[in-house]
Amino acid sequence: MKEHYIGMVLSASTVGEYDKRVVLLTKEAGRISAFARGARRPKSVLSAVTEPFCFGEFYLYLGRDSATIEEVKATNFFPKLRNDLDRLTMGLYFCEVADYFTREGMGAVEELELLYRSLTALESAPAGSEKVVTDAGESSADAGLFVPIRLIRRIFELRMLVIAGYSPLYMEEKECWRDETGDWKLSRTAAYTVGQIISKPMKALFSFSVSDSVLGELETCIGNFFRRNTDREFRSLTALDVFS
């Protein structure tokens, strides 16, 4: 039976001499593992479209015990991610996190959109330098909005937790966020930013930046919150020590 899905390749591994095992994140059915027969042959039409970050329409043959990729109509490969090590490793980390938080047979509309928009933001983030941003949110270089890779990471992590059902609660009487371990001691600007990450429409998630001091607060509180709500080490993080 041939089925049609909208999705993205999260990972690919070799099987035998010429085949690949591909993990897809699909809008309709969540995570799907499928074989791409002959995808490692030099002239295979499936070679490029079964690599991580490939987004598009996937046509799968669903057998009794496994799925096979028959055809792919790719609409985005996120090519800029492959030209810079920082963005590439962060993108692979996002894919690994998406794999962790999704399940087979359960639709992943929000998770797929978050992953797509996060990778798009990564492509737009200049690599190799961090502009200083004032507390008012203005770039010191006055060159337009700059969303650093470090901030993209924390936005992605917190919003993925929210989608998965983990979300800190705002305690109005204390003017702070709180989870099961206690209060988040944040400045007013950082607390406001956490609320924006949780509640903003997905299309507006990466439409702001923050000062270095606020970013430091977000890295601490979101990083701790993320680690407490995951039970594994992500392999991609070994290449991301610079962002920790």
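Just so it is clear, the model here is predicted, and its values are computed rather than measured.
- Salt-bridge formation is detected for the pair Asp183/Lys174: a Lys NZ or Arg NE/NH1/NH2 atom is positioned less than 4.0 Å from an Asp or Glu carboxylate oxygen.
- A donor-acceptor pair under 3.5 Å links the side-chain atoms of Thr50 to the main chain of Ser47, judged by distance alone.
- Taken to the nearest 0.5 Å, the CG atom of Leu158 stands 13.0 Å off from the CZ atom of Arg153.
- Taken from CG in Leu81 to CG in Leu92, the straight-line distance is 8.5 Å, to the nearest 0.5 Å.
- To the nearest 0.5 Å, atom CG of residue Leu60 and atom CD1 of residue Ile69 are 5.5 Å apart.
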Steps toward side chain to side chain contact (heavy atoms under 4.5 Å, CB included) verdict (Glu157, Met160) = CA-CA 5 Å; Glu157 289 174 339; Met160 184 63 80; 6.0 Å; no
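- When the side chains of ILVMFWY residues are joined at heavy-atom separations under 4.5 Å, either directly or via intervening members, Val45 and Val9 end up in a single hydrophobic cluster.
- Here the straight-line distance linking atom OG1 of Thr102 with atom CG of Leu25 works out to 5.0 Å at 0.5 Å rounding.
- In terms of modelled atom types and a separation under 3.5 Å, the side chain of Thr220 and the main chain of Gly216 share a donor-acceptor contact.
- Using a 4.5 Å cut-off on side-chain heavy atoms (C-beta onward), Leu88 and Tyr93 make no contact.
- Taking the six-membered ring for Trp and thresholds of 30 and 60 degrees, Phe156 and Phe94 have nearly parallel ring planes, at less than 30 degrees apart.
- Annotation: Phe58 is not in aromatic contact with Tyr5 [ring centroid separation under 6.0 Å not met].
- Within the 3.5 Å criterion, the main-chain N or O of Lys2 finds no donor-acceptor partner in the side chain of Glu70.
- Among all heavy-atom pairs drawn from Ala39 and Ser44, the shortest one is CA-OG, 3.5 Å.
- Taking the six-membered ring wherever Trp is involved, the centroid distance between the rings of Phe55 and Phe77 does not fall below 6.0 Å.
- Within the model, atoms CG of Asp86 and CG of Leu122 stand 10.0 Å from one another, a figure rounded to the nearest 0.5 Å.
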Starting from the C-alpha separation in whole Å, work towards a yes-or-no answer on side chain to side chain donor-acceptor pair (under 3.5 Å) for Tyr166 and Glu180.
-> CA-CA 11 Å; Tyr166 304 95; Glu180 68 280 358; over 6 Å; no
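- The other residues sharing a hydrophobic cluster with Val15 are Phe35, where clustering joins ILVMFWY side chains under 4.5 Å apart.
- Annotation: side chain of Val214 is in contact with side chain of Thr193 (closest heavy-atom distance under 4.5 Å).
- Within a 6.0 Å sphere centred on CZ of Arg188, other residues, nucleotides and ligands contribute 12 heavy atoms or fewer.
- Closest approach of Val194 to Cys221, counting heavy atoms only: CG2-SG, 4.5 Å.
- Electrostatic pairing of Lys20 and Glu51 counts as a salt bridge here, judged by a charged N lying under 4.0 Å from a carboxylate O.
- Here the closest heavy-atom approach between residue Cys54 and residue Val72 is recorded as SG-CG1, 4.5 Å.
- Under the 4.5 Å side-chain heavy-atom criterion for grouping Ile, Leu, Val, Met, Phe, Trp and Tyr, Met171 is not connected to Val162 through any hydrophobic cluster.
- With hydrogens and angles disregarded, a donor-acceptor distance shorter than 3.5 Å links the side chain of Arg159 to the backbone of Ile197.
- Residues Thr230 and Phe226 have side chains in contact (heavy-atom distance under 4.5 Å, counting atoms from C-beta outward).
- Tyr61 places no side-chain N or O within donor-acceptor distance of the main-chain N or O of Glu3, the cut-off being under 3.5 Å.
- A donor-acceptor contact shorter than 3.5 Å is absent between the side chain of Arg178 and the backbone of Pro168.
- Using a 4.5 Å heavy-atom threshold, the side chains of Ile222 and Leu161 count as separate.
- At a threshold of 4.5 Å between non-hydrogen side-chain atoms, the residues Val147 and Ser124 do not count as touching.
- Criterion: ILVMFWY side-chain heavy atoms under 4.5 Å apart, direct or through other members. Under it, Leu62 and Leu24 are part of a common hydrophobic cluster.
- Among all heavy-atom pairs drawn from Val22 and Ala36, the shortest one is CG2-CB, 4.3 Å.
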Decide yes or no on side chain to side chain contact (heavy atoms under 4.5 Å, CB included) for Phe206 and Thr120, but give the supporting numbers first.
-> CA-CA 10 Å; Phe206 302 99; Thr120 300; over 6 Å; no
Between Thr189 and Ser187, is a side chain to side chain donor-acceptor pair (under 3.5 Å) present by the stated rule, with each step listed?
-> CA-CA 5 Å; Thr189 302; Ser187 66; 4.9 Å; no
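- The aromatic ring centroids of Tyr192 and Tyr170 lie 6.0 Å or more from each other.
- Two residues are said to be in side-chain contact when any heavy atoms from C-beta on lie closer than 4.5 Å; Trp177 and Leu169 fail this criterion.
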Intermediate values then yes/no, side chain to side chain donor-acceptor pair (under 3.5 Å), Asn76 and Tyr116 = CA-CA 10 Å; Asn76 197 343; Tyr116 188 95; 3.1 Å; yes
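- Within 6.0 Å of CD in Glu104 there are more than 12 heavy atoms belonging to other residues, nucleotides or ligands.
- Salt-bridge formation is not detected for the pair Glu123/Arg82: no Lys NZ or Arg NE/NH1/NH2 atom is positioned less than 4.0 Å from an Asp or Glu carboxylate oxygen.
- Between the side chain of Asn229 and the main chain of Phe225, a donor-acceptor pair closer than 3.5 Å is present.
- Between Tyr59 and His4, the two ring planes are tilted [angle within 30° to 60°].
- Between Arg21 and the choices Ser33, Ser11, Ser13, the side-chain hydrogen bond (donor to acceptor under 3.5 Å, both in side chains) rule is met once, by Ser33.
- Contact annotation: the side chain of Thr26 never approaches that of Arg31 to less than 4.5 Å [non-hydrogen atoms, C-beta and beyond].
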Val210 and Leu151: side chain to side chain contact (heavy atoms under 4.5 Å, CB included), yes or no, with the steps?
-> CA-CA 8 Å; Val210 295; Leu151 178 57; 4.2 Å; yes
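- Other residues, nucleotides and ligands contribute only 12 or fewer heavy atoms inside 6.0 Å of the CD atom of Glu233.
- Linking ILVMFWY side-chain heavy atoms closer than 4.5 Å, directly or via other members, places Leu112 and Met202 in a single hydrophobic cluster.
- Heavy atoms only, all atoms of each residue included: Leu46 and Arg37 are closest at CD1-O, 4.1 Å.
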Take Glu217 and Arg154 through the test salt bridge (Lys or Arg N to Asp or Glu O under 4.0 Å) and record every step on the way to the result.
-> CA-CA 11 Å; Glu217 291 183 77; Arg154 300 309 176 179; over 6 Å; no
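- Heavy atoms of other residues, nucleotides or ligands lying less than 6.0 angstrom from CD of Glu57 number more than 12.
- Of all heavy-atom pairs between Phe78 and Met8, the closest is CE1-CE, 3.8 Å.
- Formation of a donor-acceptor pair under 3.5 Å by the Arg40 side chain with backbone atoms of Glu17 is found in this model.
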Take Glu219 and Arg150 through the salt bridge (Lys or Arg N to Asp or Glu O under 4.0 Å) test and state the conclusion after the steps.
-> CA-CA 8 Å; Glu219 288 186 309; Arg150 290 161 55 201; 2.9 Å; yes
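- Enclosure of atom NZ in Lys200 by more than 12 non-hydrogen atoms of other residues, nucleotides or ligands within 6.0 angstrom is indicated.
- In this structure, CG in Leu218 is found 7.5 Å from CG in Leu186, a value given to the nearest 0.5 Å.
- Residues Tyr100 and Asp231 form a side-chain contact, since some pair of their non-hydrogen atoms from C-beta on lies under 4.5 Å apart.
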